[in-house]
Visitor: 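Attaching a single structure in structure tokens format; questions to follow.
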Amino acid sequence: MIFGLRNKGYKSPPVDQRMIKFIKHPPNLFPMKYLLEIQGLYKKFGDIEVLKDINLSVERGEVVVIIGPSGSGKSTLLRCINRLEEPTAGKIFLDGIDITDKKVDINKIRQRIGMVFQQFNLFTHLTALQNVMLAPVKIKKIKKDEAERNAIKLLEKVGLGDQIHKYPAQLSGGQQQRVAIARALAMNPEVMLFDEVTSALDPELVKEVLDVMKQLARDGMTMIVVTHEMGFAREVGDRLIFMDEGVIVEEGEPIEIFRNPKNPRTKKFLSVIL
Amino acid sequence: MVGVGQFDIDLFLRILPDLAFGAFVTLELTSLSILFGLIIGSIAGLARVSKNRIFFGISTLYVEIIRGTPLLVQILIIYFGLPAIGINLRPEPAGIIALSVCSGAYIAEIVRAGIQSVPLGQMEAARSLGMSYLQSMRYIIFPQAFRNILPALGNEFIALLKDSSLLSVISIVELTRVGRQIVNTTFNAWTPFLGVALFYLMMTIPLSRLVTYSQKRIGTYEMK
């Protein structure tokens, strides 16, 4: 303004609309609610303690990659999140709801959590299309033609638009796994769990599955991925978690951990695997 | 006239309608029994894989008792024994009950094996999508189990059809009983009983063919 007095030609710059929006709706600097929050999770099989005091919070849209030697409890952790395994102790919150509460309708919760398995577990008596359609039609009571349209869209998205009428036995492992991803997505989950989904695949089929997962991550899906694919972890992971003997040993930025692991156990594991 | 001990074509032709009637009764009794047996067997089979101890205990007891005693004895108990506790049944209902209860126990074991033959991952995948236990059973496990147990079920049906001949002891006029009545009146055992056997074969052979055929049909759309 001072300059404006001297220079009649000067006009103050228009106020940036984005600035107004920012002032009116400041970003929540202290979000209390994570999409998924795990607190003090323990899991015992008989006398064997598979998970010991696991604490983990996952934000919306975050891709968390879990690595670790076999038997470290990675898969068990994943399976506790949708209660395929019952946690021995601890709490798990999905969007603020305690899903370990016995009163909670676990079937409703599981509809919000997609899971993809190492062994695909496609329904062998149904075609790819039927595999993807079944749950939306039978559980969500979505109309058949609508569910079918959606299923075809999903199968096209995973690159199987021309295989929809084939049975699992007629598909390759990579194709089966992509159908399995589409099947999980058909329920419109808020978070997807991937349990070593490429471990049972022939090496040349791994990429097609990882590509689908990368696209999913780019689309903003919240994902928890147990994997041995370090390239995927580095490229797609927002956070890397290293587990060993049932505890989270180290976590942080994937690149940071790969470059400079702090814990000796992480160091040892990475030196073997990389 | 051909002598006793040789096959008597004339007699055979004369008794054909009676044998056909007997075969019809046999088929009727067997079909009804297998239907009830399937219902009993499915429920008991489910109970056999249940985590509920009471269901498991009762179904296991049922299967063990039935499979551990002869069908003939079961038939005798139900027809001649039950009146002692005030339950009087006519022969046909008693026979159908005996066959149903017996086949139910065997079918329960077939169903149990069928359910257990479906990999655990199928159930986990179904549950992970949000299906309840019963929904998973209905849409995922049963259809696959049914395919696996179809041959065994067919064999059970054939076995039951043959076992229904035991019902002749409680004066149900089915195929075997018809044969015995003819023997009693004609004093020719050779021809009528061969005729009876022939009629049993005429029912069992198409049945086993049917089992093989349906097995193939279900198999082809899936495996390649």
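Chain letters run A, B, ... following the sequence lines, proteins first, then strands; residues in each count from 1. No hydrogens, no waters, no symmetry mates; every other heavy atom, side chains included, goes into these values.
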Visitor: Quick check on A/Lys44: does its NZ atom have over 12 non-hydrogen neighbours (other residues, nucleotides or ligands) under 6.0 Å away?
Guide: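 Open: at most 12 neighbouring heavy atoms sit under 6.0 Å from NZ of A/Lys44.
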Visitor: Could you tell me which portion of B/Gln122 (side chain, backbone, both or neither) has an atom closer than 4.5 angstrom to a non-hydrogen atom of chain A?
Guide: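 Both backbone and side chain.
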Visitor: Strictly distance-based, threshold 3.5 Å: is any side-chain N or O of A/His125 a donor or acceptor partner for the main-chain N or O of B/Tyr139?
Guide: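 Checked: pair present.
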Visitor: With a 4.5 Å heavy-atom cut-off, do B/Arg127 and A/Arg110 have their side chains touching?
Guide: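 They are in side-chain contact.
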Visitor: Residues of residues 155-176 of chain B under 4.5 Å from chain A (heavy atom pairs)?
Guide: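 Residues in range: none.
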Visitor: For each of A/Lys166, A/Arg112, A/Arg183, tally heavy-atom pairs with chain B at distances under 4.5 Å, and name the one with the top tally.
Guide: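 Most pairs with chain B among the choices: A/Arg183.
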Visitor: Keeping A/Asn82 on the side-chain end and B/Ser128 on the backbone end, is there a donor-acceptor pair under 3.5 Å?
Guide: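 Side chain of A/Asn82 to backbone of B/Ser128: no pair is present.
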Visitor: Look at A/Ile139, A/Leu84, A/Leu122, A/Asn107 and state which one has the largest set of heavy-atom pairs under 4.5 Å with chain B.
Guide: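 So the answer, after comparing A/Ile139, A/Leu84, A/Leu122, A/Asn107, is A/Asn107.
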Visitor: Which residue is it: A/Met115, A/Arg79, A/Gln119? I am looking for the one with a side-chain contact (heavy atoms from CB on, under 4.5 Å) to B/Glu124.
Guide: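 Filter result, single survivor: A/Arg79.
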Visitor: Drop me the distance from B/Leu120's CG to A/Asn121's CG, to the nearest 0.5 angstrom.
Guide: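 Result: 8.5 Å between the selected atoms.
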Visitor: Decide if atom CG of B/Leu201 counts as having more than 12 heavy atoms of other residues, nucleotides or ligands within a radius under 6.0 Å.
Guide: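 Enclosed: over 12 neighbouring heavy atoms sit under 6.0 Å from CG of B/Leu201.
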Visitor: If you count the non-hydrogen atoms of other residues, nucleotides and ligands that lie under 6.0 Å from CZ in B/Arg180, is the total more than 12?
Guide: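 Atom CZ in B/Arg180 is not crowded, with 12 or fewer foreign heavy atoms closer than 6.0 Å.
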Visitor: Are more than 12 heavy atoms, taken from residues, nucleotides or ligands other than A/Phe93, located less than 6.0 Å from that residue's CZ atom?
Guide: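 It does: A/Phe93 CZ has more than 12 such atoms within range.
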Visitor: Taking side chain as C-beta onward, heavy atoms only, is A/Thr124 less than 4.5 Å from B/Arg147?
Guide: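 Yes, close enough: below the 4.5 Å cut-off.
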Visitor: State, with a plain yes or no, whether a side-chain heavy atom of A/Phe123 is found less than 4.5 Å away from one of B/Leu129.
Guide: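 Yes, at least one pair of side-chain atoms sits under 4.5 Å.
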Visitor: Could you tell me which of B/Ala126, B/Ala125, B/Gly130, B/Pro119 has the largest number of non-hydrogen atom pairs under 4.5 Å with chain A?
Guide: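 That would be B/Gly130.
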Visitor: Taking atom CZ of B/Phe24 as the centre, report whether more than 12 heavy atoms of other residues, nucleotides or ligands fall under 6.0 Å from it.
Guide: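 Open.
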Visitor: If the contact rule is any heavy atom under 4.5 Å from chain B, which residues of residues 64-78 of chain A qualify, in numerical order?
Guide: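 Near chain B, by residue number: none.
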Visitor: I'd like to know whether CZ of B/Phe21 has more than 12 heavy-atom contacts from other residues, nucleotides or ligands below 6.0 angstrom.
Guide: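 Counting neighbours around CZ of B/Phe21, 12 or fewer heavy atoms of other residues, nucleotides or ligands fall under 6.0 Å, so no.
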